[in-house]
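Lettering follows sequence order; numbering is per chain, from 1.
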2 protein chains.
Amino acid sequence: MQQNIFRKFLEDRGWRLTKQRNAILQKAFSCKGHFDPESLYMEMRKKGMKASRASVYRTLNLLCECGLVGKVSKTEHGTIYEHTLGSHHDHMVCTDCGEIIEFYSESLEKLQEEICREMDFEGKSHILEIRGHCRHCRMKKNVLGGESSNG
Amino acid sequence: MQQNIFRKFLEDRGWRLTKQRNAILQKAFSCKGHFDPESLYMEMRKKGMKASRASVYRTLNLLCECGLVGKVSKTEHGTIYEHTLGSHHDHMVCTDCGEIIEFYSESLEKLQEEICREMDFEGKSHILEIRGHCRHCRMKKNVLGGESSNG
DNA sequence: GTTGCATTGAAATTGAGTCTCAATCTATTT
DNA sequence: AAATAGATTGAGACTCAATTTCAATGCAAC
Ligand SMILES: [Mn+2]
Ligand SMILES: [Mn+2]
Ligand SMILES: [Zn+2]
Ligand SMILES: [Zn+2]
């Protein structure tokens, strides 16, 4: 349970799992996929869970440090997070519509481990973001562009 | 030659390769490895190459669009760039000392292409950042920590 | 209940990056 | 050569995510 992990992490530093920290933790883990600090904050206000913007940022940083939450990517509009209990995965980002597609490849993970061994680097985690165009946007472009039947 | 590529890119849009744009291009390509806009700007001032901060940012964006320059990663202190003539590669980042180690794996590239095919995603580029500890920092830690022979 | 930290939130601050806009440059047309 | 039109520039204003400040509060230990 993420609550105990977080509590342990805090207690190891002589800190406490406060009402606000717990609320932020719960909210973060209630998000289905990805989230950003600002909307987390706004949704918490709406539901009456009180925590300041500062506490949201502070707590998300703590959650990152203890590994319960990870940064997906930094966009022009801020950092995207996700909780990391459950399976690791990587991301494809459509540069047309912004859609984020998750994927996981065992071979890719294995290959990276092998590369780290070869390079004598102790890999702890990684962020892989493949940028390009999703099927949806490609089809839309074809319709608008009126593609011809030969290459 | 990067100058001609950039000129062509600009002319296709009815734009010009100005003194400032050229200076920024030259400066970017004179950097051995990675660089950030602010230090590029400061170094240009020191060497008497005049270009405003705004122009540096504007031009770096153009260079990204035409593919001569790429974003390596977004840190807390801004975006890191590198020029991309020469070979593509990925990065290992030591979270202890910040060292950035470059590597390239043909199998890794091929595997990603395959994954994109499977997912019906048109991959255009990717950013892979493996985070962990470099050999140097691991050795330093062992000396300081005085590791014992039993777990 | 007093001491000592940890914690909080409102507000101020920071800082990367963008935008504005008047002045300037440059190619093209008269 | 002068006029025109659009691109370009730079100083500084602006945006906005994120951090920091600091006085007030909470909480555990003594
Ligand atoms: Mn995800
Ligand atoms: Mn590099
Ligand atoms: Zn798309
Ligand atoms: Zn290191």
Under the salt bridge (Lys or Arg N to Asp or Glu O under 4.0 Å) rule, what do B/K110 and B/E106 come out as? Steps first, then yes or no, please.
CA-CA 6 Å; B/K110 284 277 157 33; B/E106 189 65 34; 2.9 Å; yes
Salt bridge (Lys or Arg N to Asp or Glu O under 4.0 Å) between A/E76 and B/K74, worked out
CA-CA 10 Å; A/E76 301 70 48; B/K74 297 199 179 183; 3.6 Å; yes
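In this structure, B/W15 atom CH2 and D/dT8 atom P are separated by 7 Å, rounded to whole Å. Taking atom CZ of residue A/R16 and atom C1' of nucleotide D/dC27, one finds them 5 Å apart after rounding to whole Å. The OH atom of B/Y57 sits 15 Å away from the C1' atom of D/dA11 (whole-angstrom rounding). Protein atom CZ of A/R53 is 17 Å distant from nucleotide atom P of D/dT20, rounded to whole Å.
For the pair B/M49/B/K19, no side-chain contact is recorded, criterion being any heavy-atom separation below 4.5 Å from C-beta on. In this structure the side chain of A/F103 reaches within 4.5 angstrom of the side chain of A/L128, judged on heavy atoms.
Under a 3.5 Å cut-off, the side chain of B/R21 and the backbone N or O of B/T59 do not form any donor-acceptor pair. Side-chain atoms of A/T84 come within 3.5 Å of backbone N or O of A/G67 as a donor-acceptor pair.
How far OG of A/S30 is from NZ of A/K27: 4.0 Å, rounded to the nearest 0.5 Å. In this structure, OG on B/S105 lies 7.5 Å from CD on A/E118, to the nearest 0.5 angstrom. Taken to the nearest 0.5 Å, the OG1 atom of A/T79 stands 9.5 Å off from the CG atom of A/L60.
By the 30° and 60° cut-offs, the orientation of the rings of B/H91 relative to B/H89 is perpendicular.
Scanning DNA chain C 5' to 3' for nucleotides with an atom closer than 4.0 angstrom to a non-hydrogen atom of chain B gives a first and last hit of C/dA16 to C/dT26.
Toward the 5′ end of DNA chain D lies the nearest nucleotide of A/E38, the other residue of the pair A/R58 and A/E38 mapping further downstream.
Of the residues in residues 59-83 of chain B, those with a non-hydrogen atom less than 4.0 angstrom from any atom of DNA chain C are B/N61, B/H77, B/G78, B/T79. In the region residues 17-37 of chain A, proximity to DNA chain C at under 4.0 angstrom, judged on heavy atoms, holds for A/T18, A/Q20, A/R21.
Annotation for B/K124: atom NZ does not count as buried by contact number, only 12 or fewer foreign heavy atoms lying within 6.0 Å.
Phosphate contact (OP1/OP2 of D/dG10, side-chain N/O of B/S55, threshold under 4.0 Å): present.
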